[in-house]
There are 2 protein chains.
Amino acid sequence: MRAQRHDLDGIVDAAIGLLDEIGLPDLSMRRVAGALGVQPSALYWHVENKQSLLAAVADRIVREAPAADGVAATAWALRDALLAHRDGAEVVVSTVALSLGSDAMHGRLREAYAGEGSEDPDRDASVLTQFLLGHTSFVQQRMQAAAIGAYDATPESVADATRADFQAGLDALAPRHSS
Amino acid sequence: MRAQRHDLDGIVDAAIGLLDEIGLPDLSMRRVAGALGVQPSALYWHVENKQSLLAAVADRIVREAPAADGVAATAWALRDALLAHRDGAEVVVSTVALSLGSDAMHGRLREAYAGEGSEDPDRDASVLTQFLLGHTSFVQQRMQAAAIGAYDATPESVADATRADFQAGLDALAPRHSS
DNA sequence: ACCTGAACACCGTTCAAGT
DNA sequence: ACCTGAACACCGTTCAAGT
């Protein structure tokens with residue numbers, strides 16, 4: 001068989017595509033390899049193990065969030081980015097402590113808080129990061145439960161209710177006016 | 001071989017014991033069965049699948065939190081309960097949407113908010129639940145990363161810093177005085 | 001440099017059969 | 001009612017060997 005030649009970026013592309021299709025529980029190294037037309041063992045040339053591949057995926061998901069002005073807009077952009085991919089929140093949560101993708105989150109929020117005159121931008125960013133991760137995990141969990149009938153509500157009503165939750169959280173955690 | 005006779009409670013006991021020993025990634029149905037001296041397939045008489053066993057574990061973890069007075073004390077008690085078992089936060093997060101153990105969390109916080117004169121106890125409880133879950137996931141992730149050297153800090157300093165994070169979150173999300 | 005092929009030590013779950 | 005035993009269709013990871 002022909003050698004296929006891939007790099008980390010291509011592998012992450014394939015992994016994200018598969019993630020959206022089949023979800024995190026079914027995302028295996030063997031499936032990623034299959035999507036690339038390669039043997040499972042070939043992945044280990046590019047990546048140390050599954051966890052570090054997921055870290056790279058998390059990194060990409062967070063970086064897909066566009067830059068925005070101010071704490072609230074930044075937080076909404078990050079929320080959108082995590083919700084844009086199936087199980088995106090869970091993937092990011094699981095790698096947050098290793099200060100990869102999550103550090104990008106924290107860093108953006110820290111800058112936004114600093115720009116709005118926070119007295120402790122680092123602490124404020126930590127708290128909002130933790131809320132954001134818990135919130136998005138909850139949203140995706142609920143949406144999937146609603147989709148399979150395990151939670152009695154329409155996806156739309158879950159989306160609406162959780163947007164209101166997020167807004168309420170931001171009202172409390174982000175400064176209202178920065179003058 | 002002798003029949004072993006178990007009930008759901010005993011299985012949850014064994015699962016929690018194993019969870020503390022080996023962590024969620026290594027917690028398999030086969031290991032739980034092994035700890036009980038039983039074949040893996042025997043578990044399926046008591047439990048529909050692994051996910052529902054984990055839901056029962058999550059339920060128990062949350063119920064282990066003692067009742068407390070007021071929003072802040074309730075939140076700290078829940079935080080302690082999730083942190084009391086290895087990967088406790090992750091277990092609870094993964095079953096939160098199915099309104100099992102997590103509903104107990106939400107319910108307690110809702111009552112506490114109502115008792116402090118909140119205008120929307122349901123929303124306030126949702127926001128605090130989401131922060132609590134994100135926060136505790138983050139703490140356990142960081143502590144483990146610190147333990148294996150993947151994050152450069154002592155477990156104590158992580159514990160201290162995250163306690164301050166939680167207090168800051170509560171300052172913003174819980175009412176300061178209830179008169 | 002990058003991939004194949006084969007192997008190792010695992011998984012969750014089902015189901016007939018035992019007691 | 002509750003468990004065993006065997007099977008099915010999978011896993012992540014390692015490593016020699018190929019090109």
Side-chain angles (χ1 to χ4, degrees), chain A residues 1-19 21-58 86-87 90-91 94-95 98 100 141 144-145 148 150, chain B residues 1-19 21-58 86-87 90-91 94-95 98 100 141 144-145 148 150:
Chain A
M1 280 293 165
R2 193 73 91 279
Q4 293 278 147
R5 244 107 252 265
H6 292 291
D7 56 3
L8 179 58
D9 267 9
I11 294 173
V12 171
D13 285 342
I16 291 194
L18 262 179
L19 182 65
E21 270 182 52
I22 64 180
L24 186 58
D26 290 333
L27 185 71
S28 65
M29 295 297 270
R30 296 174 111 102
R31 291 256 223 167
V32 173
L36 292 167
V38 109
Q39 295 293 320
S41 49
L43 299 179
Y44 290 86
W45 178 262
H46 302 281
V47 114
E48 199 183 335
N49 50 34
K50 187 181 182 181
Q51 193 178 185
S52 73
L53 171 54
L54 289 180
V57 168
R86 168 125 77 130
D87 297 329
E90 196 178 337
V91 173
S94 70
T95 58
L98 311 161
L100 276 152
Q141 203 83 24
Q144 178 178 320
I148 66 174
Chain B
M1 279 294 167
R2 192 72 92 280
Q4 293 277 148
R5 243 104 251 265
H6 292 291
D7 55 4
L8 179 58
D9 268 8
I11 293 173
V12 170
D13 285 343
I16 291 195
L18 262 179
L19 182 65
E21 269 181 52
I22 64 180
L24 186 58
D26 290 331
L27 186 70
S28 65
M29 295 296 272
R30 296 172 112 102
R31 291 256 223 167
V32 173
L36 292 167
V38 110
Q39 294 294 317
S41 49
L43 299 178
Y44 290 86
W45 178 263
H46 303 279
V47 115
E48 199 183 335
N49 50 34
K50 187 182 183 180
Q51 193 180 182
S52 74
L53 171 54
L54 289 179
V57 168
R86 170 125 77 132
D87 297 327
E90 196 179 338
V91 173
S94 70
T95 59
L98 310 161
L100 275 153
Q141 204 83 23
Q144 179 178 320
I148 66 175

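Lettering of chains follows the sequences in order, A, B, ..., and the numbering in each one begins at 1. On a predicted model such as this, the values are computed, not experimentally measured, just so you know.
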Using atom types as modelled, flag every donor-acceptor pair under 3.5 Å from a side chain in residues 39-50 of chain A to any protein atom, sequence neighbours excluded.
residue: A/H46; atom: ND1; partner: A/H6; partner atom: O; Å: 3.4
residue: A/H46; atom: NE2; partner: A/H6; partner atom: O; Å: 3.2
residue: A/N49; atom: OD1; partner: A/Q51; partner atom: N; Å: 3.3
residue: A/N49; atom: OD1; partner: A/S52; partner atom: N; Å: 3.0
residue: A/K50; atom: NZ; partner: A/L27; partner atom: O; Å: 3.0

Phosphate OP1/OP2 of D/dC3 contacted by B/Q39 side-chain N/O (<4.0 Å):
no

Considering non-hydrogen atoms only, spot the tightest contact between A/L53 and A/V12 and give its length.
CD1-CG2, 4.3 Å

Applying side chain to side chain contact (heavy atoms under 4.5 Å, CB included), can you list everything that pairs with A/D26, at least two apart in sequence or on another chain?
A/I22, A/R31

As a test of your reading of the structure, name each stem of DNA chain D as range with range, where a stem is three or more consecutive Watson-Crick or G-U pairs at under 3.5 Å.
C:4-8 with D:12-16, C:12-16 with D:4-8

Rounding to the closest angstrom, what is the interatomic distance between C/dA9 and D/dA9 at atom P?
23 Å

Checking C/dT13, C/dA1, D/dT4 against the side chain of B/S41 (C-beta onward), the nearest is D/dT4

Testing C/dG12, D/dA1, D/dT4 for proximity to the side chain of B/A42, the answer is D/dT4

dist A/R5:CZ -> A/L36:CG (nearest 0.5 Å) comes out at 14.0 Å

Rounded to the nearest 0.5 angstrom, the CD-CZ distance for A/E21 and A/R86 is 9.0 Å

If you check every side-chain atom of A/P40, which of D/dT13, C/dT4, C/dT13 has the closest atom?
D/dT13

What residues 26-33 of chain B contributes to the DNA chain C interface at heavy-atom separation below 4.0 Å is B/S28, B/M29, B/R30, B/R31

Rounded C1' spacing from C/dC3 to D/dC15 in Å
13 Å

Does C/dC3 have OP1 or OP2 sitting under 4.0 Å from an N or O in the side chain of A/H46?
yes

